Amino acid sequence: MPDTARPPRHVLILGGTTEARRLAAGLAAGLAREPVGEPVVGAESVLGRESAAASAPVPALRVTSSLAGRVAAPRLPAGEVRIGGFGGPEGLARWLREHAVDALIDATHPFADTISHNAALAAATAHVPLLALRRPGWVPGPGDEWHRVTSLDEAASALPALGSRIFLTTGRMGLSHFAHLTDLWFLVRSVDAPEPPHPPRMTTLLDRGPFTLEGERALLRDHRIDVVVTKDSGAAATAAKLTAAREAGVPVVVVRRPPVPEGVPVAVGPDEAVQWIRRLFSDANSR
């Protein structure tokens with residue numbers, strides 16, 4: 001029988017994404033059977049179908065979300081919150097041990113590959129089960145003109161041949177990769193104001209999604225955009241720009257996301273992450 005006297009199981013979520021906030025809210029509410037996120041259609045993961053263990057009750061949870069602190073005014077999730085780095089994989093492993101973490105969920109941005117690799121190393125060191133929560137990437141549709149690249153440097157190299165007025169939506173942290181493109185004009189959209197180095201001919205639009213299709217159409221039209229650059233973040237909140245670009249016949253440079261560290265299981269949505277938590281703790285309780 002489960003030991004109901006033991007302290008609540010502790011789940012650490014490396015967050016900052018919409019999916020991380022939804023998962024934190026669902027876990028903090030006691031793993032309700034109602035869905036905690038939007039359904040993911042046609043997505044695949046390594047978790048498979050929900051089993052009896054995945055739907056079994058589990059003890060109360062202590063949920064802590066960790067935010068990197070790169071956004072000045074982040075949207076705070078439910079449960080406990082810490083802000084700031086850990087000091088590399090060694091610091092994260094130490095935090096996992098000192099705070100008795102029972103499960104670690106990497107729900108960071110799909111392009112936060114440094115923290116994802118740190119999480120994999122730390123989880124292995126501290127012997128804490130790790131799950132990666134990754135929303136599915138975008139898929140091109142009929143009429144799309146996508147140019148897939150593997151890095152921001154490759155994206156910058158592709159731009160002169162595609163256009164001269166660039167809508168750059170890859171975030172403020174990578175603008176240095178485009179700083180040498182002095183003949184191109186950039187519209188940069190980010191949550192916080194960017195800092196140098198950045199392209200010399202640049203207008204900054206401070207905004208936070210979700211963005212509407214009508215708004216994205218107007219933005220492309222009013223700024224005479226002829227190329228869009230984006231990372232394959234897969235977020236529904238920022239997907240409208242892709243539809244607007246398709247309608248306007250504007251090419252899109254899409255930076256491929258880095259792979260999840262080898263051996264780390266993947267959930268494609270908050271509901272699958274909840275199933276993983278249920279299965280993990282149900283199996284532990286049965287031993």
Side-chain angles (χ1 to χ4, degrees), residues 3 6-17 19-21 23-24 26-28 31 43-48 50-51 53-54 56 58-59 61-70 77 79-137 150 233-234 256-287:
D3 181 9
R6 66 155 287 158
R9 304 242 183 219
H10 190 187
V11 178
L12 175 63
I13 301 173
L14 305 178
T17 60
E19 291 76 18
R21 289 190 295 273
L23 176 61
L27 295 181
L31 285 171
E44 296 181 356
S45 76
V46 300
L47 298 182
E50 183 174 0
S51 65
V58 298
L61 296 178
R62 175 188 173 194
V63 181
T64 301
S65 294
S66 179
L67 308 181
R70 292 183 176 179
E80 301 176 34
V81 179
R82 68 171 301 279
I83 297 178
F86 291 94
E90 298 84 2
L92 177 53
R94 183 168 55 253
W95 201 96
L96 294 175
R97 289 191 293 262
E98 291 177 352
H99 292 81
V101 172
D102 297 289
L104 175 61
I105 299 181
D106 172 16
T108 56
H109 192 277
F111 283 82
D113 52 331
T114 298
I115 185 60
S116 293
H117 282 279
N118 287 349
L121 292 172
T125 300
H127 305 288
V128 173
L130 170 64
L131 175 74
L133 173 54
R134 291 289 185 274
R135 65 178 79 115
T150 59
S233 64
R256 298 180 188 272
R257 58 175 63 179
V260 172
E262 186 176 357
V264 176
V266 178
V268 298
D271 287 327
E272 283 202 357
V274 167
Q275 292 177 25
W276 181 81
I277 288 287
R278 288 180 179 276
R279 183 182 299 117
L280 176 69
F281 293 156
S282 294
D283 289 347
N285 290 339
S286 65
R287 290 196 293 267

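None of the values given here were measured: they were computed from a predicted structure.
Residue pairs meeting the side chain to side chain donor-acceptor pair (under 3.5 Å) criterion with at least one partner in residues 118-131, sequence neighbours excluded, do not occur; the list is empty.
Applying side chain to side chain contact (heavy atoms under 4.5 Å, CB included) to Val266 and the options Leu133, Asp106, Val260, Leu131 leaves one that passes, Val260.
The minimum heavy-atom distance linking Ala126 with Ala93 is given by the pair CB-O, 4.0 Å. Nearest heavy-atom pair across Gly87 and Glu90 is O-OE1, 4.2 Å. Between Trp276 and Ala103, the shortest heavy-atom distance links the atoms CZ3-CB, 4.0 Å. For the residue pair Gly15 and Ala20, the shortest heavy atom distance occurs at CA-CB, 3.6 Å. The two residues Pro261 and Ala120 have their closest heavy-atom pair at CB-CB, 3.9 Å. In terms of heavy-atom proximity, Ala28 sits nearest to Val63 at N-CG2, 3.9 Å.
Considering OG of Ser65 and CG of Leu12, their distance stands at 8.0 Å, rounded to 0.5 Å. Rounding to the nearest 0.5 angstrom, the gap separating the CG atom in Leu104 from the CG atom in Leu130 is 5.0 Å. The CD1 atom of Ile13 lies 12.0 Å from the CD atom of Glu19; values are rounded to the nearest 0.5 Å. A distance of 9.0 Å separates OG1 of Thr108 from CG of Asp113, quoted to the nearest 0.5 Å. Interatomic distance, Ile115 CD1 to Leu92 CG, rounded to the nearest 0.5 Å: 6.0 Å.
Using a 4.5 Å heavy-atom cutoff, the side chains of Leu61 and Ile277 are in contact. Side-chain contact between Pro258 and His117: absent, with no pair of heavy atoms (C-beta onward) separated by less than 4.5 Å. Side-chain atoms of Ile105 and Leu23, non-hydrogen and from C-beta on, do get closer than 4.5 Å to each other. Between Ser233 and Arg135 the shortest side-chain heavy-atom distance falls below 4.5 Å.
Aromatic ring pairs are classed by plane angle as parallel below 30°, tilted from 30° to 60° and perpendicular above 60°; the pair Trp95 and Phe86 is perpendicular.
Residues Asp102 and Arg62 are not paired through a salt bridge, judged by the lack of any N-O separation under 4.0 Å between the basic side chain and the carboxylate.
One side chain, Ser66 or Arg82, offers a donor N or O that lies under 3.5 Å from an acceptor on the other.
Side-chain atoms of Thr64 never come within 3.5 Å of backbone atoms of Glu80 as a donor-acceptor pair (strictly under, hydrogens ignored). The main-chain N or O of His109 is never found under 3.5 Å from a side-chain atom of Arg257 such that the two would form a donor-acceptor pair.
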